Amino acid sequence: MEHVGIVVDDLAAATTFFVELGLRLQGEGSVEGGLVDRIVGLEGVRSEIAMMETPDRHGRLELIKFHAPAGPGGDRHAPANTPGIRHLAFAVDDIDAMVASLRARGTELVGEVVRYEDSYRLCYVRGPEGIIVELAQQIG
């Protein structure tokens, strides 16, 4: 996979959230014009992007803020069973410390931290833009 793209309204807040999760900002820029219009199937595209990279450099995440054209609003509080991409999962070394750090910055815990058999401690958090992230701490 090359990358996953997420459309956001607040590019700075989303970038900060993913940096807190351990991703590195690889680059930022603006994109617009006929080529972009043809790629995404819209007219008059003006957008800013932030490309994020995982610490192992094997995964990338593109955060996109569209200035034009205006898009339909989405349900930022959609539950985990709503059709579509509902969450991204990240491995963490210390789930309790990560949850505490994220909550201190306004991120909400969706459910609770649970132990899945003898393999993982898991939870969902909801960050800016309603993005759900699963945190997974391997046990043992």
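Because the structure is a prediction, the values reported are computed rather than measured.
Residues V40 and L35 fall within the same hydrophobic cluster, defined by Ile, Leu, Val, Met, Phe, Trp and Tyr side chains chained together at heavy-atom separations under 4.5 Å. Connection of L122 to V133 is not established within any shared hydrophobic cluster, with ILVMFWY side chains joined at heavy-atom distances below 4.5 Å, either directly or through further cluster members. The hydrophobic clustering, which links ILVMFWY residues whose side-chain heavy atoms are closer than 4.5 Å, places V8 and V36 apart. Note: the hydrophobic cluster containing V19 also contains V125 (ILVMFWY, side chain heavy atoms under 4.5 Å, direct or indirect links). At a threshold of 4.5 Å between side-chain heavy atoms, the hydrophobic network of Ile, Leu, Val, Met, Phe, Trp and Tyr places I49 and L63 in two separate groups.
Contacts classified as ring-ring contact (aromatic ring centres under 6.0 Å, His included) and involving residues 13-69 (residues at least two apart or in different chains) are not found. The stretch residues 121-130 participates, sequence neighbours left out, in these side-chain hydrogen bond (donor to acceptor under 3.5 Å, both in side chains) pairs: R76-E129, H87-Y124, D96-R121. The stretch residues 16-41 participates, sequence neighbours left out, in these salt bridge (charged side-chain N to carboxylate O under 4.0 Å, His left out) pairs: E20-R105, R24-E53.
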Show, in sequence, the C-alpha distance, side-chain angles and deciding distance for R103 and L109, and conclude whether the side-chain contact (heavy atoms from CB on, under 4.5 Å) test is met. CA-CA 7 Å; R103 288 181 94 175; L109 189 60; 4.1 Å; yes
What do the steps show when you test L88 against E134 for side-chain contact (heavy atoms from CB on, under 4.5 Å), and what is the final call? CA-CA 6 Å; L88 303 171; E134 179 179 3; over 6 Å; no
Check the pair V99 / I95 against side-chain contact (heavy atoms from CB on, under 4.5 Å), numbers first and verdict last. CA-CA 6 Å; V99 168; I95 198 167; 4.2 Å; yes
Quick one, K65 with D10, criterion side-chain contact (heavy atoms from CB on, under 4.5 Å). Give me CA distance, side-chain angles, the key distance, then yes/no. CA-CA 7 Å; K65 162 65 176 162; D10 188 338; over 6 Å; no
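Closest heavy-atom contact between P55 and G22: CG-O, 3.2 Å. Residues G5 and I64 come closest through the heavy atom pair CA-CD1, 4.3 Å. Across every non-hydrogen atom of P128 and A14, the tightest pair is CG-CA, 4.0 Å.
Residues I6 and E62 fail the side-chain proximity criterion, which asks for heavy atoms closer than 4.5 Å.
The 12-atom threshold is exceeded at CG of L25, counting heavy atoms of other residues, nucleotides or ligands nearer than 6.0 Å. Within a 6.0 Å sphere centred on OH of Y120, heavy atoms belonging to other residues, nucleotides or ligands number 12 at most. Within 6.0 Å of atom CZ in R86, more than 12 heavy atoms from other residues, nucleotides or ligands are found, so the atom counts as buried in its surroundings.
To the nearest 0.5 Å, atoms CG (L102) and CG (L21) are separated by 5.5 Å. Here the NE2 atom belonging to H3 is positioned 8.5 Å from the CG atom belonging to L61, to the nearest 0.5 angstrom. How far CD of E48 is from CG of L11: 6.0 Å, rounded to the nearest 0.5 Å. Taking SG of C123 as the reference point, atom CD of Q137 lies at 10.0 Å (rounded to 0.5 Å).
Residues meeting the salt bridge (Lys or Arg N to Asp or Glu O under 4.0 Å) test with D56, sequence neighbours left out: none. Residues forming a side-chain contact (heavy atoms from CB on, under 4.5 Å) with D75 (at least two apart in sequence, or on another chain): H77, A78. Listed by chain and number, the residues in a salt bridge (Lys or Arg N to Asp or Glu O under 4.0 Å) with R115 are D118 (sequence neighbours excluded).
In this structure, S119 contributes its side chain and Y116 its backbone to a donor-acceptor pair below 3.5 Å.
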